[in-house]
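Reminder, nothing fancy here: chain letters follow the sequence lines and each chain counts from 1. No experiment lies behind these values; they were computed from the predicted model shown.
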Protein chains: 2
Amino acid sequence: MSQRDFVSADEVARRAGVSRSAVSRAFTPGASVSDATRQKVLQAAEELGYQVNHLARGLMRNESGIVCLIVSDVATPYRSTLLRELTLQLQLAGKVAMLINTDRSDGSVNRALEQAIRYRADASVILSGLPDKSITELCLRSGQRLVLINRDEDQSGALHINLDDWEAASRVVTAFMRAGCSRLAFANSEAGTPSLMAREEGFIAAAREHGLDVIVERHGSTGYEAGRVVAQRLLTRKERPDAVFCATDLLACGLMDAARHQFSLSIPQQLCIVGFDDIEQASWSSYRLTTFAQPIGAIAREAVAWLSQGGVADGRSLTLQADLIWRDSVRGG
Amino acid sequence: MSQRDFVSADEVARRAGVSRSAVSRAFTPGASVSDATRQKVLQAAEELGYQVNHLARGLMRNESGIVCLIVSDVATPYRSTLLRELTLQLQLAGKVAMLINTDRSDGSVNRALEQAIRYRADASVILSGLPDKSITELCLRSGQRLVLINRDEDQSGALHINLDDWEAASRVVTAFMRAGCSRLAFANSEAGTPSLMAREEGFIAAAREHGLDVIVERHGSTGYEAGRVVAQRLLTRKERPDAVFCATDLLACGLMDAARHQFSLSIPQQLCIVGFDDIEQASWSSYRLTTFAQPIGAIAREAVAWLSQGGVADGRSLTLQADLIWRDSVRGG
DNA sequence: GCAGCATTTGCACACGCTTGCAAAAAGCGC
DNA sequence: GCGCTTTTTGCAAGCGTGTGCAAATGCTGC
């Protein structure tokens with residue numbers, strides 16, 4: 001390792017002709033320093049290129065300023081968008097993001113998380129697919145604040161941010177009925193995430209209120225390929241559905257492509273489709289998918305605001321609304 | 001902030017009946033401890049739930065174990081895939097990733113980077129779009145190792161990982177000629193990234209060798225929308241191109257959609273298209289885009305291997321090959 | 001000038017860890 | 001058992017910072 005020599009507060013103090021504590025205080029908002037010395041310190045620091053060592057500061061303050069983002073399927077459009085928004089907000093709040101990838105289901109997940117705990121992260125935001133309760137407990141047990149996005153496991157003391165999936169699902173039923181559809185289907189993955197299941201159950205419930213049954217097909221993980229497989233199953237039935245609500249835009253894209261290119265169905269004339277997430281691809285002119293936009297900006301803002309507030313942060317549950325974006329995959333928008 | 005009390009090495013030492021140094025050594029690979037005491041320590045640590053405090057360790061060792069990933073456009077398919085691979089490899093190597101988002105072009109980029117330097121990151125990997133030299137210099141000046149992916153600015157002491165964009169570009173010309181195309185065009189963004197420019201220049205050079213001119217159109221940032229705009233410009237020319245090489249798959253998707261839905265062209269019969277990156281969407285059946293796959297796994301592995309090697313790591317330049325993936329957007333694959 | 005007060009400042013200790021150094025223990029050949 | 005070498009252990013001095021406390025300084029009103 002190359003010898004790295006950083007300037008320390010001592011050197012700054014010497015150059016500014018003050019004590020080392022003065023330097024420390026100059027970099028601590030709200031500390032007791034006169035403006036005169038603060039200026040002297042800041043100038044000396046500037047000249048020397050001094051940067052407060054956050055490892056040492058974290059050690060003293062018992063507060064590292066690190067927030068760790070625990071996420072699987074980072075490369076997925078929805079997740080990566082949320083990730084972008086979160087890192088942006090964190091940076092604005094003066095925090096720093098540590099990224100934990102839980103794609104590998106072997107022990108490396110836990111190893112990575114322990115790694116983060118060793119850095120004494122102040123908080124964790126979980127937007128991971130796998131609902132591994134042991135992970136969340138490990139976080140809380142180590143005194144971190146915890147934000148759970150779209151997973152309503154009842155973890156007391158944490159901030160839960162969820163969408164009103166039921167309400168959204170019922171709006172889809174209304175839309176489908178208005179489009180004159182009657183053979184409803186739901187396309188899901190086998191992930192079994194709380195929010196995915198809520199969309200499914202909400203859809204079924206709302207359909208039943210209108211006296212309609214719903215065909216449910218689930219397959220694999222929540223991606224494009226799964227959409228194709230589900231399409232295969234749904235569109236070869238004797239009673240072919242004329243409306244499919246997909247738990248996810250990726251599923252919807254896969255299903256849509258299969259419906260068009262494999263079954264030569266035209267959308268929305270022969271088949272109406274609604275997705276969820278409003279990923280970028282949903283607006284591409286090959287899809288023009290009617291879907292729900294998650295309030296990603298608001299989610300990120302709420303999360304960061306909660307975890308960077310002072311004092312004791314008590315558990316809270318936040319339910320946000322998803323916005324229905326009308327495009328061309330449902331008749332009669 | 002909730003009172004967080006972690007168990008310290010002292011407590012472990014007491015419980016195991018050894019000195020604090022013994023605990024420290026038990027957690028340091030290659031340190032001088034007998035197996036007997038190491039076992040005693042590990043057991044006591046297990047029982048107490050002890051985790052080495054990496055802030056303190058980093059302070060002592062002058063080596064934090066933190067690698068910071070500096071990236072813009074995180075939500076983009078190619079970037080997020082690379083990000084996934086990098087975090088995975090880093091975790092495997094026992095390092096931890098700090099994510100710096102440089103999307104905002106205002107001062108927050110530099111502020112975020114300084115933030116990372118304050119945590120004494122050992123290394124930075126730059127996969128950011130903006131070629132801000134001041135950033136890279138700041139990293140090097142603070143003694144970090146530096147990995148630059150797809151940006152060949154000559155930064156001595158860093159590891160440069162690049163693709164052979166020229167070679168790839170020349171293969172595209174060959175493919176287009178074999179498909180019987182003669183009116184070649186190149187679609188680019190205005191980002192001006194070294195790798196994007198290399199694709200453009202390589203394409204032009206290779207075409208000229210075959211006695212062909214290339215129409216070049218650039219617009220905006222490297223995304224879907226830009227592809228549509230460029231399509232607008234290219235496909236309304238009197239001499240409409242019959243083959244377009246797009247600097248990026250996103251551009252290609254936008255261009256393809258516009259060509260089909262707006263200009264009613266059929267691909268590849270009336271227009272051949274080649275992209276770059278092999279993002280997931282390129283394989284979707286609405287596109288089936290012929291494109292180049294970046295060896296993302298290899299890039300990540302090389303990067304992590306280089307930055308986690310012991311001793312002095314001297315600058316190095318690595319050129320990898322992109323794999324041409326034949327799909328259906330060029331005639332005669 | 002002085003008492004009385006608020007504001008600044010420096011000292012010194014703490015944070016939790018690593019590591020050089022010397023002392024202690026263990027191993028070995030006889 | 002004794003000398004010798006090798007391994008293991010504990011001590012203590014750091015790493016760069018924050019902060020309580022007491023001393024010092026600066027004000028104010030008389």
Whole angstroms only, please: what is the [atom1]-[atom2] distance between [X] and [N]?
{"X": "A:Q51", "N": "D:dG16", "atom1": "CD", "atom2": "P", "value": "15 Å"}
{"X": "B:M60", "N": "C:dT18", "atom1": "CE", "atom2": "C1'", "value": "4 Å"}
{"X": "B:R20", "N": "D:dC15", "atom1": "CZ", "atom2": "C1'", "value": "14 Å"}
{"X": "B:D10", "N": "C:dA14", "atom1": "CG", "atom2": "C1'", "value": "12 Å"}
{"X": "A:H54", "N": "D:dT17", "atom1": "NE2", "atom2": "C1'", "value": "11 Å"}
{"X": "B:D35", "N": "D:dT9", "atom1": "CG", "atom2": "C1'", "value": "15 Å"}
{"X": "B:R61", "N": "D:dG14", "atom1": "CZ", "atom2": "C1'", "value": "15 Å"}
{"X": "A:E63", "N": "C:dA14", "atom1": "CD", "atom2": "C1'", "value": "17 Å"}

Among [options], find the nucleotide with the atom closest to the side chain of [X].
{"X": "A:S21", "options": "C:dG10, C:dC17, C:dA14", "value": "C:dG10"}
{"X": "A:T28", "options": "D:dG18, C:dT18, D:dC11", "value": "D:dG18"}
{"X": "B:L59", "options": "D:dC15, C:dT18, C:dG10", "value": "D:dC15"}
{"X": "B:N53", "options": "C:dG10, C:dG16, D:dG10", "value": "C:dG16"}
{"X": "B:S24", "options": "D:dT17, C:dT18, D:dT9", "value": "C:dT18"}
{"X": "A:A56", "options": "C:dT9, C:dT19, D:dG16", "value": "D:dG16"}
{"X": "A:S32", "options": "C:dT8, C:dG10, D:dG18", "value": "C:dT8"}
{"X": "B:R57", "options": "D:dA12, D:dG18, C:dT18", "value": "C:dT18"}

Q. Where is the tightest heavy-atom contact between A:E302 and A:L159, given as atom of each residue plus distance?
A.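 Looking at all heavy atoms of both residues, the closest pair is O-CD2, 4.0 Å.
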
- Taking all atoms of both residues into account, what is the closest heavy-atom pair of B:Y119 and B:I66, and its distance?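 Nearest heavy atoms, B:Y119 then B:I66: O-CD1, 4.0 Å.
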
Would one find a side-chain N or O of A:Y119 under 4.0 angstrom from OP1 or OP2 of C:dG16?
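No, because none of the side-chain N or O atoms of A:Y119 sits under 4.0 Å from OP1 or OP2 of C:dG16.
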
> Would you find a donor on one side and an acceptor on the other, under 3.5 Å apart, between the side chain of B:E47 and the backbone of B:A44?
Replying inline: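 Checking the backbone N and O of B:A44 against the side chain of B:E47, no donor-acceptor pair under 3.5 Å is found.
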
Within a 6.0 Å radius of atom CD on A:Q321, are there more than 12 heavy atoms belonging to other residues, nucleotides or ligands?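 It does: A:Q321 CD has more than 12 such atoms within range.
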
query: How would you label the contact of B:S34 with the nucleic acid (heavy atoms, under 4.0 Å): base, sugar-phosphate, or nothing?
result: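 Result for B:S34 = sugar-phosphate.
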
Review point. Across the strands shown, which category fits A:V23 at heavy-atom distances under 4.0 angstrom: base, sugar-phosphate, nothing?
Key: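 Since no nucleic acid heavy atom lies under 4.0 Å of A:V23, the category is nothing.
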
Between B:T222 and B:T193, is any pair of side-chain heavy atoms under 4.5 Å apart?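 Contact flag for B:T222/B:T193 side chains = no.
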
Sub-4.5 Å side-chain heavy-atom contact between B:D277 and B:P77: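 No - every pair of side-chain heavy atoms lies 4.5 Å or more apart.
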
I'd like to know if B:S8 reaches the base of C:dC17 with its side chain, counting only an N/O donor and acceptor under 3.5 Å.
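Checked by distance alone, the answer is no.
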
Give a yes or no on whether a donor-acceptor pair under 3.5 Å exists between the nucleobase atoms of C:dG16, that is its base, and the side chain of A:R120.
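When only heavy-atom distances are counted, A:R120 does not reach the base of C:dG16 through any donor-acceptor pair under 3.5 Å.
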
* Asked: When you match B:R25 and A:F27 each to their closest nucleotide on DNA chain D, which lands nearer the 5' end?
  ->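 It is B:R25 whose nearest nucleotide is closer to the 5' end.
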
